[in-house]
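Heads up: the structure comes next, in structure tokens.
One is the number of the first residue; the rest follow in order along the sequence.
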Amino acid sequence: MTSLAVSDHQAETATPAKAIQPVWVRMVHWINAFAMILMIMSGWQIYNASPLFGFTFSRSITLGGWLGGALLWHFAAMWLLMVNGLVYLALGFATGRFRKKLLPITPGGVIADTKAALTFKLSHDDLSKYNSVQKLLYAGIIVVGVVIVLSGLSMWKPVQLHWLVSLFGGYDFARYVHFTCMALIVAFLVIHVALALLVPKSLRAMIIGR
């Protein structure tokens with residue numbers, strides 16, 4: 001058998017690359033990223049109209065141009081994010097992905113993997129398995145996502161959803177909760193993008209699945 005024939009035979013019998021991210025995960029991931037960026041940028045413009053703290057965001061990183069325009073962008077992105085989020089949660093529970101990927105989370109595991117990450121010794125050989133830090137971050141951001149949606153709804157319809165406003169301790173406190181959740185999401189995105197750049201194959205997996 002010639003070397004060319006051997007190469008052809010090996011190519012035919014080679015084990016296909018392991019699927020890491022299924023199609024539905026990739027779809028909701030990128031839709032969620034798009035909607036979240038729209039919401040953050042328009043949210044910063046809304047914040048500028050009535051700042052909670054002694055600063056405002058540069059107009060160069062806001063969306064909408066003015067309060068009314070920002071609200072239109074924010075509400076449009078809100079529905080996209082909510083529908084996409086519900087699909088993600090439903091499929092995550094139905095397929096068992098959350099249970100397989102995010103559990104268990106133990107304090108010892110988080111501490112050990114944090115130390116390994118800080119000393120650049122954390123392994124990324126198997127992208128199909130999340131380390132304890134990833135589990136904590138991903139599970140935490142899901143909770144933050146739920147809270148930011150609920151606090152946003154309470155601010156949008158404070159009279160109709162007065163019971164929800166009460167759960168947040170009033171309209172003003174709901175604004176602080178909403179802002180805090182936004183800050184946590186931005187911090188998560190920064191870490192998420194940084195890790196994707198440090199481990200390029202994780203980004204490839206989220207694009208092509210393998």
Side-chain angles (χ1 to χ4, degrees), residues 21 24-47 51-53 55 57 61-63 70 73-95 97-107 109-111 113-114 117 130-158 161 163-196 202 206:
Q21 304 291 0
W24 70 267
V25 170
R26 284 178 278 147
M27 289 182 63
V28 297
H29 173 273
W30 292 113
I31 293 173
N32 186 65
F34 175 71
M36 187 58 68
I37 290 173
L38 293 182
M39 290 211 71
I40 291 172
M41 295 179 66
S42 59
W44 286 344
Q45 181 62 46
I46 296 170
Y47 167 90
L52 287 171
F53 305 101
F55 67 88
F57 295 96
I61 58 173
T62 63
L63 181 65
W73 277 104
H74 208 64
F75 291 147
M78 175 191 74
W79 290 114
L80 177 60
L81 185 66
M82 285 184 60
V83 172
N84 190 66
L86 289 173
V87 170
Y88 174 69
L89 289 175
L91 290 176
F93 283 114
T95 61
R97 180 179 176 83
F98 291 159
R99 176 179 54 79
K100 296 174 184 177
K101 291 283 190 178
L102 304 181
L103 296 177
I105 302 175
T106 63
V110 172
I111 293 173
D113 284 346
T114 299
Y130 292 155
N131 58 61
S132 295
V133 175
Q134 287 177 301
K135 291 179 181 180
L136 181 62
L137 287 175
Y138 292 146
I141 206 63
I142 291 174
V143 175
V144 171
V146 172
V147 175
I148 199 171
V149 168
L150 293 178
S151 60
L153 289 174
S154 70
M155 293 159 54
W156 180 37
K157 297 289 185 180
L161 300 175
W163 56 272
L164 187 56
V165 178
S166 298
L167 287 177
F168 285 106
Y171 182 87
D172 290 335
F173 195 72
R175 289 191 66 198
Y176 284 99
V177 171
H178 200 69
F179 185 91
T180 301
C181 289
M182 178 278 297
L184 290 173
I185 289 174
V186 171
F188 172 83
L189 290 177
V190 171
I191 296 173
H192 191 59
V193 171
L195 291 176
S202 65
M206 191 53 73

Distance, nearest 0.5 Å, that separates CZ of Phe179 from OG of Ser151: 12.5 Å

Those residues at least two apart in sequence (or on a different chain) that pass side-chain hydrogen bond (donor to acceptor under 3.5 Å, both in side chains) with Ser132 are Asp113

The ring pair (Phe, Tyr, Trp, His ring centres under 6.0 Å) partners of Phe93 (sequence neighbours excluded) come to Phe98

For Phe173, check ring pair (Phe, Tyr, Trp, His ring centres under 6.0 Å) against everything at least two apart and list the hits. none

I'd like a table of donor-acceptor pairs (distance under 3.5 Å, sequence neighbours excluded) in which one partner is a side-chain atom from residues 138-149, with atom names and distances.
none

Can you check whether Asn32 reaches Tyr88 side chain to side chain, under 4.5 Å on heavy atoms? no

Taken in chain and number order and not counting sequence neighbours, the residues that satisfy side chain to side chain contact (heavy atoms under 4.5 Å, CB included) with Leu167 are Trp163, Leu164

Output all residues satisfying side chain to side chain contact (heavy atoms under 4.5 Å, CB included) with Ser166, sequence neighbours left out; order by chain, then residue number. none

With sequence neighbours excluded, tell me which residues meet side chain to side chain contact (heavy atoms under 4.5 Å, CB included) with Lys100. none

Between NE2 of His178 and CG of Leu153, what distance do you get to the nearest 0.5 Å? 9.0 Å

Give, for atom CG of Leu189 and atom CD1 of Ile40, the distance between the pair rounded to the nearest 0.5 Å. 5.0 Å

Apply the test side-chain contact (heavy atoms from CB on, under 4.5 Å) to residues Tyr47 and Met182: give CA-CA distance (whole Å), side-chain angles for both, the deciding distance (0.1 Å), then the verdict. CA-CA 11 Å; Tyr47 167 90; Met182 178 278 297; over 6 Å; no

Cation-aromatic face contact Lys135/Tyr130, 6.0 Å, 45 degrees: no

So, for Tyr171 and Pro158, which heavy atoms are closest and what is the spacing to 0.1 Å? CD1-CB, 4.0 Å

Shortest non-hydrogen contact from Val110 toward Thr114: O-OG1, 2.6 Å

Taking side chain as C-beta onward, heavy atoms only, is Arg97 less than 4.5 Å from Leu91? no

Quick one: pull up NE2 in His29 and CD in Gln21 and give me the separation to the nearest 0.5 Å. 8.0 Å

With a 4.5 Å cut-off on side-chain heavy atoms, are Pro51 and Phe55 touching? no

Contacts of Arg26 that satisfy side-chain hydrogen bond (donor to acceptor under 3.5 Å, both in side chains) - sequence neighbours left out: none

Backbone of Gly43 reached by a side-chain donor or acceptor of Trp73 within 3.5 Å: no

Mind checking side-chain hydrogen bond (donor to acceptor under 3.5 Å, both in side chains) for His192 and listing every partner two or more places apart, or none if nothing turns up? none

Ile185 CD1 to Ile37 CD1 distance, which is reported to the nearest 0.5 Å: 12.0 Å

Approximate separation, where rounding is to 0.5 Å, of Met155 CE and Asp172 CG: 10.0 Å

Side chain to side chain donor-acceptor pair (under 3.5 Å) contacts touching residues 35-46 (sequence neighbours left out): Ser42-His74, Gln45-Thr62

Could you go through the ring pair (Phe, Tyr, Trp, His ring centres under 6.0 Å) check for Tyr176 and Phe168 one step at a time? CA-CA 10 Å; Tyr176 284 99; Phe168 285 106; over 10 Å; no

With sequence neighbours excluded, residues passing side-chain hydrogen bond (donor to acceptor under 3.5 Å, both in side chains) with Asn84: none

Under the side chain to side chain contact (heavy atoms under 4.5 Å, CB included) rule, collect the residues that match up with Phe34, sequence neighbours excluded. Leu38, Leu80

